[in-house]
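Below is one structure, written out as C-alpha cells, with a few remarks after it.
Chain letters run A, B, ... following the sequence lines, proteins first, then strands; residues in each count from 1.
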Amino acid sequence: MSLSLDDVKRVANLARIEISEDEARKALIQLSGIFGLIEQMQAVDVSAITPMSHAQDVMQRLRADGATEIDQRELFQSVAPQVEAGLYLVPKVIE
Amino acid sequence: MLNASLKQLSAMLAARKISSVELTSEFLKRSRALNPEYNAFITLDERTSLAQAQAADILIGSGRGQPLTGVPIAQKDIFCTKGWLTTCGSKMLSNFISPYDAHVIGRFNAVGAVNIGKTNMDEFAMGSSNETSFYGPVKNPWDTAAVPGGSSGGSACAVAARMAPAATGTDTGGSIRQPAALCGISGLKPTYGLVSRYGMIAFASSLDQGGPMAKSAEDLGLMLNVMAGFDARDSTSLEREPEDYTRDLEKPLDGLRIGLPKEYFVKEIAEDVARAVEAAIGQYRKLGAETVEVSLPNTKLSVPVYYVLAPAEASSNLSRFDGVRYGYRAPDYLDLNDMYRKTRAQGFGSEVKRRILIGTYVLSHGYYDAYYIQAQKLRRLMAQDFAEAFKECDIIMGPTSPTVAFDLGERSSDPVQMYLSDAYTIAVNLAGLPAMSIPVGFGHKNRPVGLHIIGNYFAEAQMLNVAHQYQLESDWHTRMPKE
C-alpha cells in the first residue's frame with residue numbers, strides 16, 4: 001500500500017501531534033519505507049490462527065471492590081504543569 | 001574492586017572489609033569522572049546515594065544484611081524512583097520528580113541496595129542505538145565512535161565502563177540483550193510477567209520486561225533474585241513461588257541439547273560475529289553439550305510484526321503525555337486541542353512521534369484487521385515455532401546482533417536499517433520467552449560480540465547455569481575497555 005500526505009496529516013491529527021508541511025513530507029518518506037517492511041506480513045495466510053494478545057494464557061485478576069489508596073492529591077499535583085485549588089488547569093473548553 | 005563481582009562485593013561488605021559508603025563513593029567518583037565522555041547517566045545524586053549507603057552500613061552492622069545490601073546499582077531512567085528525576089530519556093518528562101517507586105526499585109530498596117544513579121536511554125525506550133535520548137547519545141566505552149546499543153545503552157555502558165557494578169534495563173524488542181552484546185556485558189530478559197512492570201514507564205505493555213544487566217551470569221542471578229516476584233499492582237504479574245535463580249549455576253552441561261535455528265545462521269550475519277558465536281558453540285560442545293539444527297520458519301516476519309504491535313501499544317500508552325497532569329506543557333497555545341498538539345509536538349522526539357504515527361495508523365478505522373489482528377495472529381505462529389523447536393532442544397543459541405556495534409549516526413537517518421538491528425531478539429519478546437546475551441569475543445575494530453541464549457518459559461535458572469558454565473571457561477566477561 002502507499003501512504004499519502006493527507007494520510008500522514010490525518011494520523012498526526014488523530015494522535016494530537018502538530019505537524020508542519022515539511023515534517024509531514026519527511027514523515028511520509030520514512031513511514032512509506034517502514035510500511036514497505038510491514039507489508040511482508042500480508043503474504044502469510046493466517047485465517048485459521050487465533051490472535052495472540054498475551055504471552056501467557058492467564059486470566060485477568062480481580063481485586064476486592066474497595067478503596068485502597070490514600071489521598072495523595074497534593075503529592076501528585078506537585079508535579080503538574082498548572083494547578084489551582086486542587087484542580088488541574090487547562091484552557092477553557094466550554095464557553 | 002572495579003572488576004569485582006556482586007558476590008565478591010557483597011562478601012567484602014558483609015565481612016566489613018569495606019563500607020557501603022566507601023564502595024558507593026568509589027563508583028560515584030568514577031561515574032562523575034567518566035560521564036562527560038560516555039553520557040551513561042542522566043542523573044547522579046551523590047547525597048541521596050550516600051544516604052542510602054549509610055543506611056545500608058547500619059543494616060549490615062545489625063546483622064540483617066542480604067546479598068545485595070550496600071551494593072551500588074544503576075537504575076535505568078525508565079523506572080520511577082521516588083524523589084529522583086525520572087525522565088525516560090524524554091523532554092516530555094524532563095521535569096518529572098516521581099512521587100512513587102517502581103516495584104523493582106522498591107525491591108532493591110527493601111534489601112538495602114544503593115541507587116547510584118539513573119542511566120541514559122533511548123527516549124521512551126524506542127531505539128536500537130541510544131541516539132534518540134533527549135539527553136544526547138551514549139558512547140560505547142570500547143570505542144567512543146560506536147553506539148552502545150539501545151535502549152538500555154546507558155545501563156550497558158555504565159556496567160562495561162565499571163561506573164557501576166550492575167544495572168537494571170528493560171527489554172521490549174531486545175533492549176537489554178542488544179546493548180549488552182554491543183558493550184560486552186551480560187544481560188537477561190526474563191519470561192514476560194516475572195518482573196513487575198508497575199512504575200516502569202510503559203512503551204509496549206505486552207512486550208516490555210525489566211531485567212538485570214551485569215558483568216556475569218552469576219551476578220545476573222543475584223539481581224534477578226531481587227527483581228522477580230509477584231506484584232498485585234501489575235495485572236500481568238505472574239503468581240509463582242519465589243525461586244533462587246542461582247541454584248543451578250554449578251550443574252555440569254553433559255547432555256544439554258542446544259538448538260541452532262537454521263534461520264539464525266545465514267549470510268546476513270557479519271563474518272566476525274559468526275566466527276565468535278561459532279567458537280562459543282564449539283566451547284559448549286567441549287563442555288558436554290550436543291547441538292541440533294532446529295527451525296524457526298517465521299523469523300523473518302518478527303521485525304514487521306513487532307513494528308505493528310509495539311507502535312500500536314505505544315500510541316495508546318503515550319496518550320497520557322498531554323501536558324495536563326505531569327511533565328512538559330507547551331508555553332503557548334490557543335485552546336485545549338492546540339495545547340495537546342503543541343505539547344506533544346515539542347515534548348516528543350522524532351522517533352517517538354514516528355512510532356505514535358505508525359501505531360495510530362494501524363489501529364485506525366479500516367486498517368485494524370489488516371495490520372493489528374494480522375500481526376497478533378503471526379505472533380502466535382512465532383510462539384508455536386519456538387514451542388516446536390523446544391521439543392528438539394533444551395536451549396536455543398545464536399548471535400544476539402547481526403553485527404558488532406555500528407558507528408554513531410550510521411543508521412540514524414534510515415529507520416528500517418535501524419529496526420533490523422534487533423532482528424534476532426524481537427521474536428523472543430513476541431513469544432514472551434526468557435533470553436540473555438553473554439560476551440563471547442571481539443570482532444571488527446575490537447568491538448564486542450554477544451551470544452544469544454534463549455530458554456523455554458521460566459527456564460531462567462537453567463539459562464544462567466548454561467551461561468555460567470561458559471564463563472567459568474572463558475574470560476570475555478572480565479575484560480574492561482581501556483580508558
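- Neither the backbone nor the side chain of S315(B) comes within contact range of chain A, judged by heavy atoms closer than 4.5 Å.
- For the pair D234(B) and R197(B), the salt-bridge criterion is met [side-chain N within less than 4.0 Å of a carboxylate O].
- No other option in R380(B), E239(B), Q384(B) has as many heavy-atom pairs under 4.5 Å with chain A as R380(B).
- The pair E351(B)-R354(B) meets the salt-bridge criterion, with a side-chain N (NZ, NE, NH1 or NH2) lying under 4.0 Å from an Asp/Glu carboxylate O.
- For Y192(B), the parts lying near chain A are the backbone and the side chain together; criterion is any non-hydrogen pair under 4.5 Å.
- Between D6(A) and S4(A), the side chains place no donor N or O within less than 3.5 Å of an acceptor N or O (distance only, hydrogens not considered).
- Contact annotation for D338(B): only side-chain heavy atoms (C-beta onward) come within less than 4.5 Å of a heavy atom of chain A.
- Across I358(B), L334(B), T191(B), I97(B), the residue that shares the most heavy-atom pairs under 4.5 angstrom with chain A is I358(B).
- For a residue to count as touching a neighbouring chain, one of its non-hydrogen atoms must lie under 4.5 Å from one of that chain's; by this rule I29(A) does not touch chain B.
- Between F124(B) and F321(B), the ring-plane angle classifies as tilted under the 30° and 60° cut-offs.
- Interface remark: of the candidates S98(B), A370(B), S206(B), A370(B) forms the most heavy-atom pairs closer than 4.5 Å to chain A.
- Contacts between L357(B) and chain A at a heavy-atom distance below 4.5 Å involve backbone atoms as well as side-chain atoms.
- Heavy-atom pairs under 4.5 Å with chain B were tallied for L14(A), T50(A), L31(A); the largest tally goes to T50(A).
- A donor-acceptor contact closer than 3.5 angstrom links the side chains of D77(B) and T87(B).
- In this structure, chain A has heavy atoms under 4.5 Å from both the backbone and the side chain of A375(B).
- When heavy atoms are compared at a cutoff of 4.5 Å, L309(B) does not approach chain A at all.
- Contacts with chain A were tallied for L238(B), V303(B), N298(B), I373(B); L238(B) has the most, counting heavy-atom pairs under 4.5 Å.
- Using modelled atom types and a 3.5 Å distance limit, the side chains of D231(B) and S237(B) yield no donor-acceptor pair.
- Salt-bridge check for R411(B) with E131(B): failed, with every basic side-chain N at 4.0 Å or more from each acidic carboxylate O.
- For K91(B) and Y328(B), the positive end sits near the middle of the six-membered ring, less than 6.0 Å away and at most 45° from its axis.
- Heavy-atom pairs under 4.5 Å with chain A peak, among K300(B), Q346(B), K342(B), at K342(B).
- Counting heavy-atom pairs closer than 4.5 Å to chain B, the top-ranked of the candidates V83(A), L75(A), V79(A) is V79(A).
- If you measure heavy-atom distances from A431(B) to chain A, the contacts under 4.5 Å come from the backbone alone.
- Remark: M52(A) CE to M382(B) CE distance equals 10.0 Å, nearest 0.5 Å.
- Contacts between V93(A) and chain B at a heavy-atom distance below 4.5 Å involve the side chain alone, from C-beta outward.
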Can you check side-chain contact (heavy atoms from CB on, under 4.5 Å) on F458(B) and R240(B), steps first, answer last?
CA-CA 10 Å; F458(B) 309 111; R240(B) 291 177 59 81; 3.4 Å; yes

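- Listed options Y306(B), Y307(B), Y457(B) were ranked by heavy-atom pairs under 4.5 angstrom with chain A; first place goes to Y457(B).
- In this structure, R16(A) forms no cation-pi arrangement with Y340(B), as its terminal cationic atom is not both closer than 6.0 Å to the ring centre and no more than 45° off the ring axis.
- Ranking Q77(A), Q30(A), R63(A) against chain B, the residue ahead of the rest is Q30(A), based on heavy-atom pairs under 4.5 Å.
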